Amino acid sequence: MPDELEARVSALETRVEEVAADAAAARHLAAARDRDLADLTIKVDAHRMAINALGVQTAERFDRLERRMDGFDQRMDGFDQRMDRLESTVDKGFAEMRAKFDQTAAGMQLIVDLLTPGPAEA
């Protein structure tokens with residue numbers, strides 16, 4: 001029986017050594033996983049910061065664009081007002097010219113009437 005006990009103890013010691021080796025390998029793998037997770041966390045944080053910075057830059061660019069568009073809209077409003085005044089001035093000028101042409105035509109017709117002999121004179 002002591003031989004059997006010694007064989008069992010020997011087998012148990014062998015198994016304990018295997019388990020200890022497996023435990024060491026598991027600790028090594030767990031440490032590597034922790035390092036990988038830490039590296040991944042750093043990379044994710046860096047990407048998040050880059051994305052946030054791009055968001056801030058994009059928002060600033062849109063704000064600048066909106067300010068420029070507001071200025072452009074104001075300039076276009078001023079241009080529209082100037083065009084309205086010009087159109088009004090041109091319309092008024094054409095109306096004055098039309099009145100002058102009508103006066104000239106009436107004057108010419110009067111001259112023609114004066115130069116044309118009437119029925120009694122003919």
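Values below: all heavy atoms of this structure, side chains included; hydrogens, waters and symmetry mates excluded. Everything numeric here is computed off the predicted structure, so don't read it as measured data.
Cluster membership for Val90 and Met97, using ILVMFWY side-chain heavy atoms within less than 4.5 angstrom, is shared. No continuous path of hydrophobic side-chain contacts links Leu110 to Phe101 [ILVMFWY only; heavy atoms under 4.5 Å]. Hydrophobic clustering (ILVMFWY, side-chain heavy atoms < 4.5 Å, transitive): Phe79 and Met69 are in one cluster.
Salt-bridge check for Asp45 with Arg48: passed, with a basic side-chain N closer than 4.0 Å to an acidic carboxylate O. Ion pairing between Arg98 and Asp102 holds under the 4.0 Å rule for side-chain N and carboxylate O.
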Given side chain to side chain donor-acceptor pair (under 3.5 Å), test Asp70 with Gln74 step by step and report yes or no.
CA-CA 6 Å; Asp70 287 344; Gln74 290 172 357; over 6 Å; no

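Remark: Arg8 CZ to Arg15 CZ distance equals 15.5 Å, nearest 0.5 Å. To the nearest 0.5 Å, the span separating CG on Leu37 from CD1 on Ile42 amounts to 11.0 Å. The CG atom of Asp22 sits 7.0 Å away from atom CD of Glu18, with the distance rounded to the nearest 0.5 Å. Considering CZ of Arg68 and CZ of Arg61, their distance stands at 12.5 Å, rounded to 0.5 Å. From Leu65, atom CG reaches atom OG1 of Thr58 across 12.0 Å, with rounding to the nearest 0.5 Å.
Residues Glu66 and Asp63 form a side-chain contact, since some pair of their non-hydrogen atoms from C-beta on lies under 4.5 Å apart. For the pair Lys92 and Glu96, the minimum side-chain heavy-atom distance is below 4.5 Å. You'll find the side chain of Val44 reaches within 4.5 Å of the side chain of Leu40, heavy atoms only.
Every residue meeting the side chain to side chain contact (heavy atoms under 4.5 Å, CB included) condition with Met108, not counting sequence neighbours, appears here in chain and number order: Thr104.
Cluster partners of Ile111, using a side-chain heavy-atom cutoff of under 4.5 Å among ILVMFWY residues and allowing indirect links, are Leu115.
Looking at Thr14, its side chain does come within 3.5 Å of a backbone N or O of Ser10 through a donor-acceptor pair. Although no hydrogens or angles enter the test, the distance criterion places no donor-acceptor pair under 3.5 Å between the side chain of His28 and the main chain of Ala24.
For CD of Gln57, the number of neighbouring non-hydrogen atoms (other residues, nucleotides, ligands) closer than 6.0 Å is greater than 12.
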